[in-house]
Amino acid sequence: MAYERVLLGMGNPLLDISAVVDEPFLEKYGVKLNDAILAEDKHLPMYDELATKYNVEYIAGGATQNSIRVAQWMLQIPGATSFMGCIGKDKFGEEMKNNAKLAGVNVHYYEDESAPTGTCAACVVGGERSLIANLSAANCYKSEHLKKPENWALVEKAKYFYIAGFFLTVSPESILLVAEHAAANKKVFSINLSAPFIVEFFRDPQEKVLLYADYVFGNETEAKIFAKVHGWETENVEEIALKISQWPNASGTQKRITVITQGADPVVVAEDGKVKLFPVILLPKEKLVDTNGAGDAFVGGFLSQLVQEKPIEECVRAGCYAANVIIQRSGCTYPEKPDFK
């Protein structure tokens, strides 16, 4: 089986608590529309309020896990993907395991006795989502778990790796172990800029990891913040994508490709000193249910073709297809089978 365990993701497994809310709810907790933030003490009552007052859905989430689930769904090849991260020993943790199993992802969770499973409030207003992540157990991942023979075997088996930038707040050591393995064995390592706060406040670990990245994903907001943080005097997304693709590379041989999504505007792909633009599938406003997971789904679709060594055009087309499916549904969910030709 050429595709067995071909793709490995590592990240923060969070149980998404997704609900349609109103703007006063966001204002009450000081949350901006379309933001992705880590929960502070003032946000903690939000989770109970959502669960008791709103019609909520529970979905196995977290950025990397979403992308891996979508890649698995697009591939329709049993056992093609694996995922590692930390959950608690509780009912949400069990929910997460069942969810992942149903999705066909081979999960090796580190189960922490002391912290509850991480949750993410996905608050949807007018189709736009705001994410407030309470990492809890997800924050407890240790590289010792990665080094265990049965887990490191997944690293050895995989040919492609994907880790969202959010994991930089938890275990940069684990990310570097995987990144160095990928570089030494000519495997493909990809990361995501993930959120403005990662780009701003985790600059040093992000720069270390970026050295190993063969693919860098992000959206236009993150790209502009990246440029600002690094003193590049430009807000031109194409220019920024190009500069990121030309960032020094640890292996010195593999080229880097930058892929930046811009909502309804074309996807920007920078490689070999050139930029290409790919149109997305436009969706009438009345069909938009919520944008939660759109970026994760794009990456999942992209990776599903990348692991099959398809050309970049096909990878982007699959990414756009997957994102288009997800935004017509609640949360990062999908129909039983993809209809991608």
Side-chain angles (χ1 to χ4, degrees), residues 14-27 29 31-37 46 50 53-67 69-71 73-74 103 120-133 164 192-196 217-224 237 259-269 277-304 315-341:
L14 302 172
L15 196 67
D16 279 353
I17 303 173
S18 182
V20 174
V21 301
D22 51 20
E23 289 201 16
F25 180 86
L26 294 187
E27 283 160 18
Y29 290 104
V31 174
K32 293 197 289 249
L33 195 59
N34 254 330
D35 214 353
I37 58 171
M46 172 190 281
L50 276 176
K53 291 190 185 166
Y54 292 89
N55 184 12
V56 300
E57 280 184 279
Y58 294 102
I59 303 154
T64 306
Q65 187 164 243
N66 281 342
S67 296
R69 281 194 305 121
V70 171
W73 169 69
M74 289 284 287
C120 180
C123 303
V124 181
V125 179
E128 302 290 330
R129 58 87 178 124
S130 301
L131 304 176
I132 307 92
N192 202 311
L193 299 177
S194 288
F217 296 95
N219 66 28
E220 78 276 33
T221 311
E222 295 147 11
K224 286 174 186 175
V237 175
V259 184
I260 306 292
T261 57
Q262 309 185 89
D265 292 329
V267 177
V268 177
V269 176
L277 298 177
F278 298 91
V280 300
I281 306 162
L282 292 174
L283 187 72
K285 189 110 178 88
E286 64 274 13
K287 284 196 167 176
L288 174 72
V289 174
D290 94 53
T291 55
N292 183 23
D296 302 338
F298 174 86
V299 173
F302 188 103
L303 293 171
S304 73
C315 297
V316 174
R317 194 167 74 83
C320 291
Y321 165 78
N324 184 265
V325 169
I326 298 295
I327 61 176
Q328 296 183 63
R329 301 168 66 89
S330 179
C332 192
T333 62
Y334 37 75
E336 194 186 341
K337 292 248 162 77
D339 180 24
F340 179 71
K341 303 282 187 291

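None of these values were measured; they are calculated from a predicted model.
Of all heavy-atom pairs spanning V259 and F298, the tightest one is CG1-CE2, 3.7 Å. The two residues N324 and I281 come nearest to each other via the heavy atoms ND2-O, 3.4 Å. Nearest approach of A294 to A323, heavy atoms of both residues: O-CB, 3.6 Å. Here the closest heavy-atom approach between residue L50 and residue A121 is recorded as CD1-CB, 3.6 Å. Scanning all heavy atoms of the two residues, the minimum distance from A195 to A36 falls at CB-O, 4.2 Å. When every heavy atom of N192 is checked against every heavy atom of F217, the shortest pair comes out as OD1-O, 3.2 Å.
Surrounding CD of E286 are more than 12 heavy atoms belonging to other residues, nucleotides or ligands, all under 6.0 Å away. Atom CD of Q328 is surrounded by more than 12 heavy atoms from other residues, nucleotides or ligands within 6.0 Å.
Using modelled atom types, no side-chain atom of S67 and backbone atom of V299 make a donor-acceptor pair closer than 3.5 Å. W73 contributes no side-chain N or O that, together with a main-chain N or O of A322, makes up a donor-acceptor pair within less than 3.5 Å. No side-chain donor-acceptor contact under 3.5 Å links R69 to the backbone of G300. When atom types are taken as modelled, the side chain of D35 and the backbone of I37 share no donor-acceptor pair closer than 3.5 angstrom. Between the side chain of T64 and the main chain of A164, a donor-acceptor pair closer than 3.5 Å is present. Judged by distance alone, with hydrogens and angles left aside, the side-chain atoms of E222 form no donor-acceptor pair with the main-chain N or O of G218 at under 3.5 Å.
Looking at heavy atoms from C-beta onward, C120 lies out of side-chain contact with I132 at the 4.5 angstrom threshold. For the pair I59/L15, no side-chain contact is recorded, criterion being any heavy-atom separation below 4.5 Å from C-beta on. In this structure, the side chains of Q262 and V237 come closer than 4.5 Å at one or more pairs of heavy atoms. Residues R317 and F340 have side chains in contact (heavy-atom distance under 4.5 Å, counting atoms from C-beta outward). For the pair C332 and V70, the minimum side-chain heavy-atom distance is below 4.5 Å. Side-chain atoms of P196 and K224, non-hydrogen and from C-beta on, never get closer than 4.5 Å to each other. Residues I326 and Y334 meet the side-chain proximity criterion, which asks for heavy atoms closer than 4.5 Å.
In summary, of the residues considered (L26, D22, V20), a side-chain contact (heavy atoms from CB on, under 4.5 Å) with C123 occurs for L26 alone.
Note that CZ of R329 and CD of E57 are 9.5 Å apart. Values are rounded to the nearest 0.5 Å.
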What verdict does the side chain to side chain contact (heavy atoms under 4.5 Å, CB included) test give for V267 and I260, after you've listed the backbone C-alpha separation in whole Å, the side-chain angles of each residue and the deciding distance to 0.1 Å? CA-CA 6 Å; V267 177; I260 306 292; over 6 Å; no
Does the pair I327 and V289 meet the rule for a side chain to side chain contact (heavy atoms under 4.5 Å, CB included), with working shown? CA-CA 6 Å; I327 61 176; V289 174; over 6 Å; no
Run the numbers on F278 and C320 for side chain to side chain contact (heavy atoms under 4.5 Å, CB included), then give the verdict. CA-CA 9 Å; F278 298 91; C320 291; 5.8 Å; no
Run V280 and D265 through side chain to side chain contact (heavy atoms under 4.5 Å, CB included) and show every step you take. CA-CA 7 Å; V280 300; D265 292 329; over 6 Å; no
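In this view, F25 and Y29, Y54 satisfy the ring-ring contact (aromatic ring centres under 6.0 Å, His included) rule, not counting sequence neighbours. Residues meeting the salt bridge (charged side-chain N to carboxylate O under 4.0 Å, His left out) test with K341, sequence neighbours left out: D339.
Applying the side chain to side chain donor-acceptor pair (under 3.5 Å) rule to pairs touching residues 122-131 yields N34-E128, sequence neighbours excluded.
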